[in-house]
Structure formats: structure tokens, C-alpha cells
Amino acid sequence: MSNDRPLVLPGETIDLSLIPSHPKNPLRLGPGLRHIPPSDIVPTAAGELITNPVKNSMWVEYNSNRYIPSQNDIILAQILRSTSDFYLCSLAPHTPPATLPHLAFEGATKKTRPVLLPGQLVYARVSLANAHMDPELECVHASTGKADGLGPITGTGCIFDVSLGFARRLLMARPAQDGGLAVLEMLGGEEGGGMAFETAVGRNGRVWVGSASARTVVVVGRALQETDRGRLGVEGQRRLVKKLVREMS
Amino acid sequence: MPRDAEPSLNEKQFVITALQENLRLDGRELDQYRPLELSFGDQYGAADVQLGKTRVLAKATAEVTVPYTDRPLDGIFTIATELSPMASPAFEVHRPTETEVLLSRLLEKTVRRSGALDTESLCLVAGQKCWSVRVDVHVLSHDGNLIDASCLAVVAALRHFRKPDTSMDAGVLSVYTPAEREPVPLSWLHSPFCVTWSFFGEEGEIAVLDATWLEEQVRVGSCTVSLNKHGEICQIAKLGGTPVDAVSLLQCTSVALTKVKEFSGLLDRKLAEDLKRRDKGGFMSELRAENDR
Amino acid sequence: MTATTTPEATFGVLPRADGSARYSHAGYTVTGSVNGPIEAQRREEHAYEAHVDVVVRPAAGHGGTRERHLESVLQSSLAQIILVKSFPRSLIQIVLQVENSPENDYVNTKLVQASLNFGIMPALMQTAVLALLSAGVPMRATATGTAVAIMHQDGAKQTMVDPSPRDIEKARSVHVLAFTSQDELLLAESEGDFTVKEWDLVYETARGICCRSRPQAKEGMAMLLDDESTGGPDMRQFLRSTMESKVAADLHWK
Amino acid sequence: MAGPTISLPAPIFAKISPHPFLVRSLTRSTAADHPPCRANGRATQELRPVRFNATSLSHAHGSALVRLGDTTVLCGVRGELLPVERIPQFRPVDKEELRQQGENNNGNCGDAIGRGELRDYDLLVPNIELATGSAPQFLPGVPPTTLAQTLSTRVYSLLHSTGLVQAGDLKIWYSPKEQRRGEDVEMGGTGDKEDGDEEERPVAYWVLYIDLLFVSFDGNPFDVAWAAVVAALRDTRLPVARWDPDREVVVCSKTERRRLNVRGLPVACSAAVFMEKEQSEAGAGPREGGHWLLLDPDRLEETLCKEVITMVVDCSDDETRIKSLEKQGGTLLGRELIRGYAGIAERRWKEVRTAME
Amino acid sequence: MPLDTSTYNLALLRVDGRRWNELRRVHAQIRTQAAADGSSYLEMGHTKVMCVVTGPSEPGPRRGTGGGGAGGAGAGGAAEVVVSIVIAGFSSVDRKRHGRGDKRTLELQSTVANALAASLHIHLFPHSQVNISLHVLSQDGSLLAALINAAALACVDAGIPMTDYVAACTAGSTSTYAANDEGADPLLDLNHQEEQELPGLTVATLGESDRVVVLVCESRVQVSRLEGMLAVGVDGCKQVREILDRVVREKGRRMVQEGTVEKGIGLNEMDVD
């Protein structure tokens, strides 16, 4: 492991040389770190310590399965039931339900609000998350009033569970370059024989794969899950895609 | 108690639509089992079965005790299945769920009532002392089809198990510690296995083997057939659910028989391998190896 | 002889749990699962902190009073290193399933035994910590533990690390100690017959095993693992190296 | 925290915010003349006086009533006969094993085996009843709480590890030397060698049922429970029993009674660590803020403390022997404090001994 | 079993004098308890069961140990069928206590619940519960079958819409599991003694179809015997269905005569679909 991204365990002391010191902007701590006044910064999880001198931020990179809501995350939620003025949704099994106001949809009014059945899926943003309250969701930009992509999910397709780290990689701007994830491109590209499908990735480790052909959905879903579980590199992904395409056709 | 989350509509619908095209989410054939792994522990009587993401551990133990008054000539044989929160937070300790009850009943009927273990051979002194053989089934990970996996684990554990050797002289019973005498295997009569079918569709016309947890949540009914390799049915359980055509049930049974033969072949092979592993170096050294772990 | 073995751990053995680890050392094999933070039951809900629930399940037989005791000991210790305040009203559930424990071949053991089993405590503790780490549950510190026995071999006292059940039977006194990664004494359980001086000796030995701090920890701790210089494995080093390999595997794409 | 301006009656203050209440009473002295002390008026290092009252029960073979402040425990010991043929896993101690053991732990030969018998045949059966309404949290008629189970486990294992009772005292022997006729008697179970009937053999054991009943509960249950067990055992007198080969039963003498020789006098001493700050949001280590080591904590204090320590010592011989040490739930008690704690335990031991005599 | 088979081979008559394909006398009544929403009493030979149905109604407090809940209660999309079975101590020759926690009883409960749930249109009653409580007064074999039949009748009486009757009976075979003799005949509707000595199974089918709702076999038997037994069982179920149907129509007619209901109502409910 290279020394610029050292391994840290909870409670270990981070030697000061690693802590970025930026003239102006304040130090920003990401997940896996906590600040003990006055000046100690202590990891709370086991992972690689990542620092970004430019943004003057640092965090601990690690993978896990249990999603803990944090503001502005894009997630895939499942409607549990509807109350008088909001839906109760689950973000992950066995966690307290999140609330999604009936009016938090694009152009929703008392009259024209989407009616969602228990078990339906919505692509939403976490609008409020803190330890002492149940999280709140929205399917619309509070400022613009636009849904831009959020909202109920329809059409044939299926949910596939992946690790949180994998979901984060899928959500990266350029997964292939930053996250070493080319599998989706390949499936769409010539390796996959140009399959036609769409995906919606939730921070909470759920990926929705939609396509007219069930076969495609299965292939894509398996490709994702096996890439995640098998921790495949780009080459491995290519081989996997070839294999799947061969099997399923 | 915290219920397990229902799958989303979207998932439910898709599983069905896929199955109608003979597709399963993990790309298996409808009558195909997930990769099955069977391994034995260092100690006698510990079997670990992995069926895809489902994982069951069975451990057999024996102790001398007093037989039941109504059966003075029989030993005691119990199969304990307590699902712990390890399998899923939905299971609480000391709160048997329906899943648990049905599972333990099935194992009871398949292994115990079918007389797989000769309980009379466990009697030491009539009415006074007998062996109490106990199998604990620990479900470590629950991704569907607990029944088949557990049954295989239980049978494997019991066939792998050795109980301390005993001798009777002049009406005096002595039980030897493993250090004194090598333990002896149980007297085993036949090896039954469970094969569980899950049914889908309005008429239950789609039959699937080794359903995953998601599939189990969507299925409209199931039927567990227990057989041994001699083609003896030990138990059949289709406990309600959407009605299924009688003829297709018969087909299920005959397919089950072939699967059972595979299982018992696998088990025999594994047992043989394990025996080879232990034999080298003789018994005491093998014990030491055990401790070194 | 068991003292010289090195501990082994594997992660992600239970794909459906948030975190899991399988740990085997000195003849004990324990599988641990961690789920959480999840919704807590009414009765065990705390307004300001997460409830840590520990379930210990024996390999054979139903858990009895002895398991309850182990659970309460582990619970009180783990609640100290987990940042419980950051997840109010929630539950962190730790289930420890004993798979294998060394058997004493000179006695026919009974199924239910009420007396404490000291040997197993470190294994349980270690498994729990590993599972918590793999679940990414925020923690104040990690912890390492070990068991030490004081034997009287032909008149001479001597300490023995990770004693086997047979050793424990013969030992004058048996001790279990656990330290946090800040070298604080987290847990100390002893029974038998010993003096303060002897306990000091035990403390030193245990500390040597649990908190051997190596500045040059970065490079090749694999070989450091099984050095017998201090009689016993270097637990902290072990913890670090195992986590290192896990993290490296998780972040292979970096 | 209630500032000096607000004045609340102490009990209410204690109810609504126990932690600050205790902190306050520990930090500021009520009167100029005496220093700050615990809410219960004791100094931090001050223990409640312990009172013993032996043979309080007429029917038990031995009993004791122990009071420590408002914690009161009644302990009754009752012996019941267990013929060897009723022990399924009975296994007579064979000679060469005896010898082995003898070599292994020189001196106390056969001791380990004795313990083995006690454990394998469950000859000591402690049982703790908390659910007597002894305290608000223990309502009658509920299943045993974790605390009750934990306590009985601790008592059980301490009973065995200290070797307080010896298997020898509980064994009932039969020597056919003077009684030849016992020979042809079919003794199912006494798995002995051919020459078994020649030499004397054990025919039965006493099983000691040690029942502990919490009459009232105000913290520090283990110390009291253990003291009660020891006192009750010292008080125990078992009727002299022998094997009657004609009737093939064990007969007990009406008049003759033999007291157990209880080995040593182990005494438990517990304390709890009270933190000035409850673990703060930032989760900053417990190091910050003051702390007190509260000896012999009462119920209120126990609810507010996480870290606890219990040390069992025996100073009967010249040198202090520690029989058991249990420290958990915190990281504050380090090596030094525990070292020093031994001294406190010794002090306790002396008090208890004088109280017992 | 020598006893049984030998006598059989002589006269092709069974211990109780029946032929191989003969049902025992089935006697059934519905609307036995005026107070209940639906109720029934059923005898198959000496096996006697009574059943009371309440609901569909507001779900009561959830029972802990899987009291045989069936139907999509989780989603709240359909009614939950909850069955409770009480086996009277005097019901069998040796008076043994069946505690509520008894796993065999729990299994029976969930079997009956799931069997009924398959034919009842519970999806019409979301967020509600159908409580079926069964009392076993006397046991002489074919218990599960009797329970299912009684429950089916009671549900009809309660007027809960259903696809068709679920009718059940048992079938056996004169061959012991070891002997794989082809000469073995299948038997219909086993009594207690036959259940003890011969392999047998319980079948429940939906209406007149050959579609099997319940198939329970608890004894060792050659797989080759299964087909024969199943065929006989399914056929038996049809006979049972006829009997149940007659009982219901009979009762319906009498009610019309007595004017307790206007013509039509009592009966229409059955063919709601």
C-alpha cells in the first residue's frame, strides 16, 4: 500500500504531516474521522486515509454494507405505506423508515400528487438526515422545482443490491477512469453486443436496472453483482461480460 | 418482532416475468442448485454446508444420560434448530418463528422418524443409562432453501460423528475418554435428503429448485420431498399454497430422486476424503493437529 | 503448544450480514456477525445512544447462564469502544457463534456446563472487534485480548499464553485481559489463586501480546506475526495486518 | 445541572437528574466542617458495615443472613443424597490418573480431580432469586434477569475455583472389608475394575443446594451474595451417612452431624468508577473530567457507573491471595489502581472476618 | 402390520370391514354455533372435529409463535388467515397433553391456514383477519384431512368468497415400505390403526380439479407406490367434495324453506368468483 494513503484503524493517531494545512479554506473532515477538541483528529473506521490538499479535506475510504443516510445522497427508496401527507419509505432493511412528503414531487399539488403503492420504488434525494430524527426525502429540487431524474421508478426492471463502496463508484462522474468500472460501458458497447438498458444507482447500495428484455436485465444485474463481489479489475470485467453474453445467448 | 422487509413490487414482478422466460436472477436453470460446498470440522460431528449464500453449520454431540421412562430400551436423539439473529435480525432468540417450527418439523420427520439413526443402539443399561445424541443446527446465513441445506448438514454431521467408546463387564459400564480409546461411529441405517420445490405463477405451473430468499418471498407455494438413494420417500410436505397439478407433483418427486442420489454421492465422497485426511499419522497425532488449530 | 499458533481471520463469511468475521486461534473458532445500526426494539431503545446487543451461542446445546454472563461481560466492554452516542435510539447487534472449541481428551465433557470458560473469552472479543471493523461501525478504538495462565511446573511458576482446556484445569490461576488500542486496560478477569506480584507478571505478558507497539509497523508484519520472542502472537500487529489486507482488497480499484 | 440559585429537595433532584446530583454532592461540601461525600453520606472509600447472622433457618443444613447497608441476602444450604448409580456419567477416579494429577500439581494431589467430581456431577447447585420485589426493577414472578443469571454464574465458578468445598466431604464411602455380603449386590453404575468390590468405593454423594434470596436490594449484590454463601457453608452441618448393604440404601444418622471443613475465607470487595462527565457527544475518551472510585456502590450509584471491579481475596495465610478479579465496562482502572485496590480488599477482608467471628 | 395385511389378503376387506376404495361415514353439519360468523361440525369415521370462523374482521393482537398465519398480511394487501387448533385431552386413547407450543400442532395450524388461504379470496379484505379455530374432539386417523374439511365448511358458512371447496382425505398402501411388492393395493381414508401400520398420505384438492393444495406424507414408502396412492387420494377428495357440497346445499335449502334467508342469497355466495 502506498504511503500517501496509509491504513488507519479506529483510535489511531494520525501524524500531523498527513493533515493538509491550507492557508484559507477550513479543514473539512469526511466520513470515518472525528474531531476531538482541541486539535485531535481520530479515525473511527478502518480504511485508507485520503487527503485532498486542494479542497483541504480528508476522509477515510472504506467499504461497508449498512447505509447511514446523509444529506443530498441520491438513493433508491421503497414505499412502505402512505399516511395523510407523506409516504414512509425504507432505505435499507431493519432501519427506521424515512419520510417522503406527498408534495415533494415535481409539480405536485394537493390535487395532482403521484399515488404510490406500498412496495413501489422511488429515486429520491435525502433532504434531511441527522442522528436524532428519521431521515426525510424529496423527489424534486427545492430550489428549481425540477425533478431532474428523481421520482417513481416504472417499467420492467429489477433491483440489485451491491456494496456501498461499489454504489459510490458507479455514481462517480467518470466511473471508468476514477472508479475502474467499465462493466456498464462494455455491456452497452461491443463486448456486450450493445445491450439497451438504463440504470438508477442509489447511494444506499441498490441499483435498478431497466430494459425491455428481461434477459438483458439479468445479464446487467449479474455483471454488476459479480464485479462487486469478485472485486474484478477492468480486465476481469471484460472477461466477465464476454462470459455472461456467451451464457445468456 | 422486526419483520423482514418485503421485496419491492418491482422485484416481485420481475422475478415472475423472468421465470416465465425460464430466467433466474442468478442465471441458473430452473432445476439447478446453487454451488454446494460441504466441509467437515476438525472435531468429529461438525459439518458446514454452503449453498450459494445460504450457510448452515450442524454439530453433533453425545452424552450419557437417563433414558425416558416410557422408552427404557431407546437412546435419546434430538435435533435442535434455533434460528439466531445471525441469520437475519428478524429472528429473535427464544422466539420461534413459523419458519423455525416448519424447519424443525421437517428435519424431525426426515431424519428422526424415518429411522435414519438406530436409537436402540444408543441404549447402554436398559432403563438406567443411554446415549443422548443431539444435533444443533446453526443457520449462519439465510439466503433461501434452509431446509435442503440444513438436512444435508444434519445427515453429514451425524455420519461424520463418533461417540466415545464404551464397554460393559460384570454389569459395570465404563465410558472411555477419547484419549483412552478412539471414539466409534453411530449405527446409521439410511441417509435421507430433502429436495424443496418452489412454485410460481397463477396455476403454480412453474416449478423451481433451490429457491433463493427473494424467490421464496415471491413464490406461491412449495413442496419438500425427502428421499434416500434407495428411492424410499421419507416424507412429503406440500403444506397448502396455490394448488399444483397432481401429475407435475409426481414429476417433481422423480426429479428429486435424481438430486438425492447426487447428494448422497457427494456426501460419501466427502466422508471418504475426510477419512483419508485423518488417517495419515494415526489417531493421536491427528488429535494434536486438532489442538494446533 | 497451542500458545505458539498464530491467529487466523477471514472476513465477509456471511454475505448477508453488515459485517462478519471468522476468527480461529488456540483451537477456538468463532464466527461473528454484526448488524447495525438498525431499528431497536422498544424495550431496548436508549434515547441518547445505541444499544449494543451481544448474543453468544455455544457450538452445542442451548445457551445457559454462562453464556448470559459472557454476553454481559462482552457487552459492557464493547459498548466502551463503539461510539454509541452517534446512533441514538438504534441497535447494534453482535452475534457470536462458537463453531469449535478445543476439547479436553482426558474427560468426557458434559453438554451444559455452568462454570466460566476463560479460554474462549479472548476469541469472542477478537471476533466481535473484527466483525465490527468489517461492518464499519464507528469506534473509539480497537481492542485486543488474550488469556494467560500461571502454571506450577515442579515448583517453579511460569506463565502460559492461550492455555488449552487441559492446561486451565491444571493451572493455579487463569487470567483474561483485553486492552484498547490506546493501551488502556479494557477488561481483566482472573480466577484461581494468585498474588498481586503474579498478576503483575500476567499483566506484563498480556500487555506484551496485546499492545506490542511497533513504529515500523508499515512493512511486512506478516513475518512479525509469529515471532516467539515474547511467547505468543502479537495481537495488535495481527489486527492491523488482517485489516490492511481486507482494506486493500476492498479498495483494489484505487 | 441545577445551579445554586435553584433549590430542589434532594430526593427530587436525585430523581430527575441523578448524574448531576451525584456529581454535585461529590464536588461541593454541604457543611464547612466535613469534606464533600457521596449522596448516601459516605466517603468515596467508605464501605457499608456488614452484619452476619448465622443459622437463621431451622430446616436447612446451614444458613446465614447477611446485611450490607440496605442489601440483605438470605442463604440456605441443603444437602441431598445422590447415589452413584443415579449419576449417568459416573466414573470412579482410577488410580493412575490420580498419580498423574499428583505429579502435575505437586502437593495438592487429587485436588483437581476433586474439583472434577464437583463439576461433573453438579454437586454444588447455587441458585439466586432476585425477583422478590427486593428493588423496583425486580418485580416478583418474572423470569430470572440477566443480573440474576450472571450472579449465579459468578458464584458457581468462584465456588469451584476457590475449592471452598472439597469433594471428600460430600462423598459417602462403603468399605466391604467388614461387610462381605455387599459383594454380590449388583451396583449398576459404579464402573470399577474387577477388584472393584474388594476395595472401598464411593456409594453416594451429597449434593449441596445453595439457595440465595435477596430480601432487599441496594446495590453491590455480589459481595453480599458471596459473603452469604461462605457464611452459610461454614455453618453447614451434614448428617453422618453410611451405606447399608442389607437394605441397599444410604442411611443418615439422626443425631450425628459433621460440619464441612470450608477451606479459607475468600471475601469479595466491589467498587464502581463514577465519571464526572457522561461520555460526551464527541465521544472524547472518558479520560476528561474527574472521576471517583466508589467503594461498595449502592443502587443509585450502580445505575450511573459503567466500569466496575470486584476482587476476591483471602488473607487467612500470611500472604494475601487473590482468588478472583473481575474488572470490566471501562478503561480507567489501570494497572496501578488495581494494584492499590488489593490493599482496599485486604481492609475489607479484615472487617468481614471480625464481623463473621 | 402382519395383522392388517393378512386379513386384507383373505377377503380384500380392511380391519373395519371396508373395501380398498371405501370412505368411512362422513357426517357434517354447518351453522352449528349461532353466535359465530361461520361454524361447522364434521365426522370422518371416529375422527370428530368442530370449527368456528370469525371474520373477516379487524386484526387482533399479533400472536407470537407463528400461530399459522397465512396470506399477504405483511403487505397488508390481503386478509390474514389465522388458525388455532385445540386437541382435546380425551380425543385419543392415551390422554397426552398437547401444549399450545407443540410443534406438531403449530405445523397443522399453518398447513390448514395455507390450504384455506389458497381458495379464499382474501385479497378482497385488506388489513383484516380471518380467524379459524378448530377443536379436535376425537381422533381416529385422517386428522389433518378432517380439519381441512371442517374449516372449508365453516368458511362457506361464514360466507367468505372462495374459488371452490378445499376437500381433503387420506390414502395408503397395503405394502410396507420395505417390501416393494407390485401386488400392493392402495387404500382410501385410513383410520388410526392403518395410519400406524401402513404408509399413507393426506391429500387436499381444490374443487373438482386434479390440482393438489396439500400433500403430506409422513411415513416411509417406496416412490413407486406414490402414484397409486395419490390417484386414489385425489379421487377420494372428489367424493368428499360431493359430500360437503350436499351438506351445504341441504342446509341452504332448509334455510330457504324456513325463510331464514330469501331464496338465493345463502347459495350465491359460493359462486362469487
Side-chain angles (χ1 to χ4, degrees), chain B residues 1-2 41-46 48 50 52-55 57-65 78 80 82 84-94 132 134-136 138-144 157 163-166 175-180 182-183 213 283-284 287-288 290-293, chain C residues 1-2 4-6 8 12-18 20 22 24-29 31-36 38-41 53-63 67 71 91 93-112 131 164-167:
Chain B
M1 69 174 72
D42 305 317
Q43 291 165 353
Y44 285 123
D48 180 342
Q50 291 187 53
K53 282 201 244 161
T54 294
R55 185 166 182 204
L57 185 82
K59 186 144 174 71
T61 47
E63 66 177 336
V64 180
T65 173
T78 42
E82 199 193 355
S84 75
M86 181 177 270
S88 147
F91 299 118
E92 285 178 90
V93 193
H94 311 313
S132 159
R134 174 191 171 98
V135 191
D136 287 87
H138 303 301
V139 176
L140 302 185
S141 172
H142 175 16
D143 188 25
K163 66 182 194 316
D165 197 2
T166 55
V175 179
Y176 297 101
T177 63
E180 292 162 349
E182 172 152 17
W213 174 229
F283 179 63
M284 281 318 290
L287 270 180
R288 210 155 291 116
E290 196 166 291
N291 290 349
D292 289 345
R293 280 277 152 65
Chain C
M1 66 197 166
T2 52
T4 61
T5 58
T6 61
E8 296 167 9
V13 285
L14 309 176
R16 295 180 60 84
D18 291 345
S20 62
R22 189 162 189 264
S24 48
H25 179 44
Y28 293 98
T29 303
T31 296
S33 78
V34 168
N35 278 302
I38 60 178
E39 195 165 17
Q41 301 267 325
D53 178 25
V54 182
V55 180
V56 174
R57 292 172 57 82
H62 287 297
E67 277 69 26
E71 285 166 6
L91 166 71
Q93 188 166 56
I94 305 165
V95 187
L96 300 167
Q97 174 69 61
V98 180
E99 283 188 23
N100 197 357
S101 50
E103 272 165 7
N104 185 344
D105 297 303
Y106 297 86
V107 293
N108 285 313
T109 46
K110 286 190 289 127
L111 203 53
V112 279
S164 74
R166 186 144 170 75
D167 300 328

Tell me, for B:Lys53 versus chain C, whether the close heavy atoms (under 4.5 Å) come from the side chain, the backbone, both or neither. both
So for B:Leu57, is it side chain, backbone, both, or neither that comes closer than 4.5 Å to the heavy atoms of chain C? side chain
Does the side chain of B:Phe91 reach to within under 4.5 Å of the side chain of B:Ser84, using non-hydrogen atoms? no
I'd like to check B:Val139 versus B:Met86 (side-chain heavy atoms, cut-off strictly below 4.5 Å). Are they in contact? no
By salt bridge (charged side-chain N to carboxylate O under 4.0 Å, His left out), which residues pair with B:Asp143, not counting sequence neighbours? B:Arg34, C:Arg16
Heavy-atom distance under 4.5 Å to chain B: side chain of [X], backbone, both or neither?
X	answer
C:Gln93	side chain
C:Val34	neither
C:Ala59	both

Sidechain-backbone polar pair: C:Thr29 side chain, C:Ser24 backbone, donor-acceptor under 3.5 Å: no
Can you sort out the partners of C:Ser33 under side-chain hydrogen bond (donor to acceptor under 3.5 Å, both in side chains), two or more places apart, ordered by chain and number? none
